[in-house]
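Taking it in order: structure first as structure tokens, then the write-up.
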Amino acid sequence: VCPRRGPSLPDLCVFDPSQEVLGEDKLMAILKERELKIYWGTATTGKPHVAYFVPMSKIADFLKAGCEVTILFADLHAYLDNMKAPWELLELRTRYYEHVIKAMLESIGVPLEKLKFVRGTDYQLSKEYTLDVYRLSSVVTQHDAKKAGAEVVKQVEHPLLSGLLYPGLQALDEEYLKVDAQFGGVDQRKIFTFAEKYLPSLGYAKRVHLMNPMVPGLTGSKMSSSEEDSKIDLLDRKEDVKKKLKKAFCEPGNVENNGVLSFIKHVLFPLKSEFVVLREEKWGGNKTYTAYEALEKDFAEQVVHPGDLKNSVEVALNKLLDPIREKFNCPELKKLSSAAYPTPSKAKPAEKGTKNSEPEDVVPSRLDIRVGKVISVEKHPDADSLYVEQIDVGEAEPRTVVSGLVHFVPKEQLQDRLVVLLCNLKPQKMRGVESQGMVLCASSVGEPRQVEPLDPPAGCCAGERVYVEGYEGGEPDEELKPKKKVFEKLQADFRISEDCVAQWKQRNFLTKLGMVSCKSLKGGSIS
């Protein structure tokens, strides 16, 4: 234990069971001599979201332990990662990150004067750094560079050379920031081991690496800036927070891949050391938990209802976000936010008697497509060709969906299977039963007609978002307007590939776990 006043670094982070440390012996040796110098970096790409409170709370711990902490705004990395931040927006997004990260730290009581803030381009364009990039590229294999960035750099069918440079730059940052250690999420582990392998080849020392767990998104997968439904932005309005939490996956009694529970565990508990479940007196009244394990146990035993859990998270989260919203409620920062993240131009409403000169964008991201789990299947009471299904899509209650699959899929093959559901069609009655979605299926081209429900990748969770490759971002329409025929226009280019993969204009339907497919209907349509 470090012989100094106050809580030590081992007390605060190294022996936390949720952490992983590479180079613990070296860490302890440094602490016997002096304070630790550590850095945390973030690429200035999509808008920071609430999962960023996890590293922020750890940065607070490092400061309490007496560490010298540097925060790196990795602007050049943001450009190298498949141009997630276009060059013309790089400066604006870096400024946005600086303001919002500082606002987050202030909202949890971290003194900014104890931190050092650095931009990557402050030193990464220097002669010395550039020469080291060339030196490193002469010893790193393409295989190792690709493997190192697999969990961090956006993976595409035809990767750019810039993505292979990314891990090397992150390794060199440790030397040029003159630190003993780097801190990041467990998704950075391959880059950390890459740095440990290759920095010594340039004559530089290995660094210590500390990792925090990744917070699952609201849909059950990793919370990501590029997946709108998985995250809550720091500047989201209260009504947006409510809407996203309402749609979040939180199945009664299920503690696996539960984004709401995980957010409480990794964000709210570390910041507040307790969590209050708010509920009416007839359901037992409010209950305060001082240990996460007790809350998880009560949820697993269905003592705590998903609706109460979501409402309680909403209240606690808005308390964290209110100071950040207030800081950004000024003309200067509003202007910066709009400039750094411009919204795609939309057609203006036509004046009476005129026509729009710009057509409305019809893109796949406007569709709210999710993985669903069929809970029950019954024959429609008034239609022999229709099923009435109850399908869990990660909301508080399952959706009622009417599907014309009786003549194509036996009832027992639908029960308990995962399906792909279009969730933002306008609800409509089908023979007296309101249908709240559409099960997407592959259909054969010729006769006799064959139909197969689309299959999400194995391991997907109910509520997980399905998107088209290249259209991961963007907020789906709240409800597709029938007169606009957005779905119909997009559906015209839906096809099943020769490999049985669902596609739109030869771009694959994907989830975080892989491609959406069907069993056998090569070249078929999707409806």
Side-chain angles (χ1 to χ4, degrees), residues 247 251-252 367-458 460-464 466 476-477 479-497 500-504 509 516-527:
K247 292 166 65 175
E251 184 178 53
L367 303 180
D368 182 5
I369 307 176
R370 299 183 229 167
V371 175
K373 182 176 181 179
V374 180
I375 297 172
S376 68
V377 190
E378 301 293 340
K379 290 283 277 298
H380 193 296
D382 299 318
D384 292 339
S385 63
L386 300 178
Y387 285 131
V388 178
E389 302 127 1
Q390 296 296 314
I391 301 180
D392 177 12
V393 289
E395 297 172 338
E397 301 293 336
R399 292 195 179 204
T400 299
V401 178
V402 180
S403 301
L405 296 174
V406 170
H407 299 314
F408 304 102
V409 185
K411 177 179 173 181
E412 57 272 17
Q413 289 185 17
L414 276 177
Q415 181 67 47
D416 297 323
R417 76 173 285 164
L418 293 180
V419 295
V420 175
L421 195 73
L422 178 61
C423 294
N424 59 343
L425 289 174
K426 184 178 181 180
Q428 60 176 331
K429 287 194 174 182
M430 299 180 69
R431 295 290 187 92
V433 178
E434 185 176 79
S435 182
Q436 300 168 322
M438 176 193 290
V439 176
L440 295 182
C441 299
S443 300
S444 61
V445 177
E447 296 294 338
R449 189 183 179 214
Q450 294 176 275
V451 176
E452 297 174 355
L454 295 183
D455 292 316
C460 283
C461 299
E464 186 170 344
V466 177
D477 290 13
E479 182 179 281
L480 297 172
K481 305 301 180 187
K483 290 183 179 179
K484 299 283 188 180
K485 298 191 179 298
V486 173
F487 174 67
E488 290 80 359
K489 292 174 183 176
L490 291 166
Q491 184 192 14
D493 293 302
F494 286 0
R495 291 288 182 275
I496 301 296
S497 75
C500 289
V501 176
Q503 295 183 330
W504 174 80
F509 281 54
V516 174
S517 60
C518 71
K519 294 286 188 299
S520 63
L521 301 182
K522 300 178 181 180
S525 60
I526 301 173
S527 58

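These figures come from a predicted structure and were not determined experimentally.
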For residues 436-444, dump all side-chain donor-acceptor pairs below 3.5 Å to protein atoms at least two apart in sequence or in another chain.
unit_1, atom_1, unit_2, atom_2, d
Q436, OE1, T400, N, 2.9
S443, OG, R449, NH2, 3.4
S444, OG, Q450, N, 2.8

Show me the donor-acceptor pairs, under 3.5 Å and distance only, between side chains in residues 414-429 and residues at least two apart or in other chains.
unit_1, atom_1, unit_2, atom_2, d
Q415, NE2, I375, O, 2.5
R417, NH2, D455, OD1, 2.3
N424, OD1, D368, N, 3.1
N424, ND2, R366, O, 3.0
N424, ND2, D477, O, 2.9

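Remark: Y387 OH to K379 NZ distance equals 6.5 Å, nearest 0.5 Å. For the atom pair CG (L521) and CG (L454), the distance works out to 9.5 Å, reported to the nearest 0.5 Å. Once rounded to the nearest 0.5 Å, the distance linking NE2 of H380 with OG of S403 reads 11.0 Å. Residue F494 holds its CZ atom at 5.5 Å from CG of L367, rounded to the nearest 0.5 Å.
Of all heavy-atom pairs spanning P453 and V409, the tightest one is CD-CG2, 3.8 Å. Closest approach of L480 to F487, counting heavy atoms only: CD1-CB, 4.1 Å. Residue I496 comes nearest to C518 through the heavy atom pair CG2-SG, 3.7 Å, listed as atom of the first residue, atom of the second, then distance.
S497 pairs by the side-chain hydrogen bond (donor to acceptor under 3.5 Å, both in side chains) definition with nothing, not counting sequence neighbours. K481 pairs by the side chain to side chain contact (heavy atoms under 4.5 Å, CB included) definition with E479, K484, not counting sequence neighbours.
With hydrogens and angles ignored, the 3.5 Å screen pairs a side-chain donor or acceptor of E452 with a backbone N or O of K519.
Within the structure, the salt bridge (charged side-chain N to carboxylate O under 4.0 Å, His left out) test picks out the following pairs touching residues 388-410 (sequence neighbours left out): R370-E395, E395-R399. Counting only residues at least two apart or on different chains, no salt bridge (charged side-chain N to carboxylate O under 4.0 Å, His left out) pair has a member in residues 400-410.
Side-chain contact between S435 and V401 is present, with at least one heavy-atom pair separated by less than 4.5 Å.
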